[in-house]
Amino acid sequence: MDLETGYDKAAVESYEIFKQLRSEGIIEKNVKFQVCLPTIANVVGILIEEKFRHIVEPVYETALFKALQTIQDQIPHEDLAIQIDLGIDMAYWENKIFRPWFSDKRYVVDYIVRMMSRISRDVDLGFHFCYGDIEHKHYFEPTSLGPVADLYQHIMEVSPRSVQWMHCPVPLSAMGNLDDFFKPLSTLSHQLALDHTKLYLGLVHPHDLDGTRERVAAAEKVVKEFGIATECGWGRIQNQNDIESIMDICRNVSGRFEMYSGDGL
């Protein structure tokens, strides 16, 4: 079976637009082209009937790795950054909501590491830890970054390569519980420093400048160096006003993060 994911075709076509915008000066020369790819679980674990998942898994993984290789063959590595999106993976790791086709949750680490091993070491790599987007809501609301920190540390124990960044969501549901939510970062930050991995916190929410400042201040109690981002990319943007609000908030608060200047939000 010659399965095609379409990720490579979309990425290569988009890269041509990226190059054009860069040549026009709209995109700065030091900005990389980021390709975001979900793990096998985010397709096999959601779109395939449970009794067939163990059969489809190797077929889909082969197709995913083929697309991943094509992306690296056709986009210069100095321009390329790849982000592995971990959505349903967090539910599997926490053993909540969704039931995986495997019995040992450590298999989550196994298939993530297999994917990492297919990414050239001269291509920047990052993680986006996520709790899904079902009608613009999480499949459940995380109460702390403990499970995210735990999964990251398990991955890095057997990682075949370095990881340049990790992104964590900071949902509005964490308001009122920010100290406990961010507490796991106090130990994770030491590991990130050893790994030379930059931390980005998804604490920017549209139309909430004061709340963003409060979340930044709470995070700074436990970790001093981090970048800011939206919670889940722009996947939850409702309209143009949301975009303008997000950009205004980022401009308002991001100037303080000098370590991350030039690396994007």
Side-chain angles (χ1 to χ4, degrees), residues 34 36 38-39 41-42 45-46 83-98 108 126-153 155 165-189 192 197-223 225-239 241-254 257 260 264-265:
Q34 181 171 308
C36 303
T39 65
N42 291 279
I46 296 177
Q83 178 174 277
I84 297 178
D85 290 346
L86 305 170
I88 195 174
D89 319 83
M90 288 307 305
Y92 287 169
W93 189 251
E94 296 193 47
N95 194 30
K96 293 182 178 180
I97 307 294
F98 301 108
V108 173
F127 293 133
H128 164 54
F129 293 90
C130 184
Y131 285 83
D133 186 14
I134 302 174
E135 296 183 352
H136 297 310
K137 295 180 180 179
H138 294 307
Y139 44 71
F140 65 84
E141 294 294 338
T143 57
S144 89
L145 288 174
V148 168
D150 185 50
L151 178 53
Y152 170 82
Q153 290 170 325
I155 292 170
W165 77 90
M166 67 175 292
H167 170 275
C168 308
V170 183
L172 291 174
S173 60
M175 298 298 289
N177 187 44
L178 288 173
D179 287 347
D180 287 340
F181 188 86
F182 287 126
K183 187 176 180 180
L185 295 181
S186 61
T187 53
L188 178 63
S189 60
L192 293 173
T197 301
K198 293 183 178 180
L199 172 66
Y200 289 86
L201 296 176
L203 45 72
V204 176
H205 293 269
H207 315 291
D208 189 23
L209 175 59
D210 289 343
T212 298
R213 287 172 170 162
E214 184 177 347
R215 291 184 286 275
V216 167
E220 286 181 322
K221 294 178 183 178
V222 292
V223 59
E225 296 179 341
F226 58 91
I228 63 169
T230 52
E231 181 181 28
C232 196
W234 280 8
R236 302 186 180 198
I237 300 303
Q238 301 292 313
N239 51 54
N241 288 335
D242 283 355
I243 296 175
E244 292 174 356
S245 174
I246 286 169
M247 298 308 293
D248 286 343
I249 291 172
C250 288
R251 281 191 293 266
N252 190 290
V253 302
S254 64
F257 302 101
Y260 289 79
L265 298 175

CG on Leu199 to CG on Leu188, rounded to 0.5 Å: 7.0 Å

Ser245 side-chain N/O to His207 backbone N/O, donor-acceptor pair under 3.5 Å: yes

Arg213 and Asn252, any side-chain heavy atoms less than 4.5 Å apart: yes

How close do Asp85 and Asn42 get, counting heavy atoms only, and between which atoms? O-ND2, 3.6 Å

How many angstroms lie between CD in Glu231 and NE2 in His167, if you round to the nearest 0.5 Å? 8.0 Å

Can you find a heavy atom in the side chain of Leu86 that is under 4.5 Å from one in the side chain of Val148? no

Would you check if there is a donor-acceptor pair between the side chains of Glu94 and Tyr131 at a distance under 3.5 Å? yes

Listed partners of Asp208 passing salt bridge (Lys or Arg N to Asp or Glu O under 4.0 Å), at least two apart: Arg215

Test of ring centre spacing under 6.0 Å for Tyr92 and Phe98: no

Between Ser189 and Val223, the two heavy atoms sitting closest are CB-CG2, 3.8 Å

Does any donor atom in the side chain of Thr39 or Asp89 lie under 3.5 Å from an acceptor atom in the other side chain? yes

Quick one: are His128 and Pro169 in side-chain contact, heavy atoms under 4.5 Å? no

Taking all non-hydrogen atoms of both residues into account, name the closest pair between His205 and Thr212 and its distance. N-OG1, 3.9 Å

Smallest separation among heavy atoms of Cys130 and Cys232, with atom names: SG-SG, 3.7 Å

I would like to know whether Asp180 and Lys183 meet salt bridge (Lys or Arg N to Asp or Glu O under 4.0 Å); could you show each step before the answer? CA-CA 5 Å; Asp180 287 340; Lys183 187 176 180 180; 5.7 Å; no

Closest non-hydrogen atom pair between Phe182 and Leu145, with its separation: CD2-CD1, 4.1 Å

